[in-house]
Amino acid sequence: VQLQASGGGSVQAGDSLKLTCAASLRTFNTYNMGWFRQAPGRARELVAAITWSGASTNYADFVKGRFTISRQNANKTVSLQMNSLKPEDTAVYYCAADHRWGPILAGTAGSWGQGTQVTVSS
């Protein structure tokens, strides 16, 4: 399983970014997907997750109302639209995949991408 995250960059507070994770999974539509982030000196944390069908999503409280996760099964991608970015959103963002929902929520998913840096300046 290969996951390739892209779309990170350096922006100002209040700006938007869209991250995309491309998966080399023949059966992408059977995988639950998640976006995580890790800031320097901090533990990795769940940002948002979406079930294999896209029917259910889960968001960390600190991004509710600002970030939106979506998936495009035909293209084998999962996206994270990030609006109203704050300096505290600065981190490396990772995508993850797992057939099971529990490991996605727990941050113990079986497959991980390499990460993309998001830097938000005030």
Side-chain angles (χ1 to χ4, degrees):
V1 175
Q2 280 194 315
L3 302 172
Q4 182 76 33
S6 63
S10 296
V11 298
Q12 298 287 320
D15 286 349
S16 298
L17 276 176
K18 184 175 183 178
L19 306 183
T20 299
C21 177
S24 62
L25 297 165
R26 189 172 62 178
T27 57
F28 176 75
N29 60 0
T30 66
Y31 282 82
N32 303 299
M33 302 294 295
W35 282 100
F36 295 79
R37 71 185 187 187
Q38 186 167 21
R42 301 191 64 175
R44 186 172 61 196
E45 57 188 357
L46 174 68
V47 175
I50 188 166
T51 55
W52 61 271
S53 66
S56 295
T57 57
N58 184 286
Y59 292 94
D61 287 342
F62 53 77
V63 301
K64 283 182 180 177
R66 299 190 298 126
F67 292 11
T68 302
I69 188 171
S70 62
R71 65 187 298 154
Q72 304 77 39
N73 284 343
N75 296 330
K76 299 184 180 181
T77 58
V78 60
S79 301
L80 184 68
Q81 177 66 47
M82 305 187 295
N83 299 329
S84 302
L85 283 162
K86 304 175 181 179
E88 51 264 44
D89 293 320
T90 295
V92 178
Y93 284 71
Y94 300 88
C95 59
D98 201 290
H99 281 298
R100 301 160 295 170
W101 187 233
I104 289 288
L105 298 181
T108 57
S111 300
W112 293 84
Q114 87 291 357
T116 185
Q117 176 71 46
V118 172
T119 303
V120 185
S121 56
S122 57

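Start at 1 with the first residue, then count along the sequence.
Ring-plane geometry between Phe67 and Tyr93 is classed as tilted, the angle between the planes lying from 30 to 60 degrees on a 0 to 90 degree scale.
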field: Step-by-step side-chain contact (heavy atoms from CB on, under 4.5 Å) determination, Val47 to Met82
entry: CA-CA 11 Å; Val47 175; Met82 305 187 295; over 6 Å; no
- prompt: What's the verdict on side-chain contact (heavy atoms from CB on, under 4.5 Å) for Gln72 and Ser79, showing C-alpha distance, side-chain angles and the deciding distance?
  reply: CA-CA 8 Å; Gln72 304 77 39; Ser79 301; 3.4 Å; yes
query: Run the side-chain contact (heavy atoms from CB on, under 4.5 Å) check on Arg37 and Thr90 step by step: do they pass?
result: CA-CA 9 Å; Arg37 71 185 187 187; Thr90 295; over 6 Å; no
task: Would you check, one step at a time, whether the test salt bridge (Lys or Arg N to Asp or Glu O under 4.0 Å) holds for Lys86 with Asp89?
output: CA-CA 5 Å; Lys86 304 175 181 179; Asp89 293 320; over 6 Å; no
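Minimum interatomic distance between Ala23 and Phe28 (heavy atoms only, all atoms of both residues): CB-CD1, 3.6 Å. Of all heavy-atom pairs between Tyr59 and Ala48, the closest is CD2-CB, 3.6 Å. The shortest non-hydrogen separation linking Leu17 to Val118 is CD1-CG1, 3.9 Å. The shortest heavy-atom contact between Ser122 and Pro87 is CB-CG, 3.9 Å. Minimum heavy-atom separation, Ala49 to Trp101: CB-CH2, 3.5 Å. Of all heavy-atom pairs between Cys21 and Leu3, the closest is SG-CB, 3.9 Å.
Atom OG1 of Thr77 sits about 13.0 Å away from atom CD of Gln4, to the nearest 0.5 Å. A distance of 10.5 Å separates CD1 in Ile104 from CG in Asn58, rounded to the nearest 0.5 Å. Here CZ of Arg42 is found 9.5 Å from CD of Glu88. Values are rounded to the nearest 0.5 Å. The distance from the CE atom of Met33 to the OG1 atom of Thr51 is 12.0 Å, given to the nearest 0.5 Å. The NZ atom of Lys76 sits 7.0 Å away from the CG atom of Leu25 when rounded to the nearest 0.5 Å. Rounded to the nearest 0.5 Å, atoms CZ (Phe36) and CD (Glu45) are 10.5 Å apart.
One N or O on the side chain of Ser24 and one on the backbone of Gln2 form a donor-acceptor pair closer than 3.5 Å. Judged by distance alone, the side chain of Arg71 and the main-chain N or O of Gly54 form no donor-acceptor pair under 3.5 Å.
Side-chain atoms of Asp98 and Asn32, non-hydrogen and from C-beta on, never get closer than 4.5 Å to each other. Two residues are said to be in side-chain contact when any heavy atoms from C-beta on lie closer than 4.5 Å; Val63 and Leu80 fail this criterion.
For residues 6-21, the side-chain hydrogen bond (donor to acceptor under 3.5 Å, both in side chains) pairs, not counting sequence neighbours, are Gln12-Ser121, Ser16-Asn83.
Put simply, Trp35 and Trp52 are part of two different groups of oily side chains (I, L, V, M, F, W, Y) that touch within less than 4.5 Å, one to the next.
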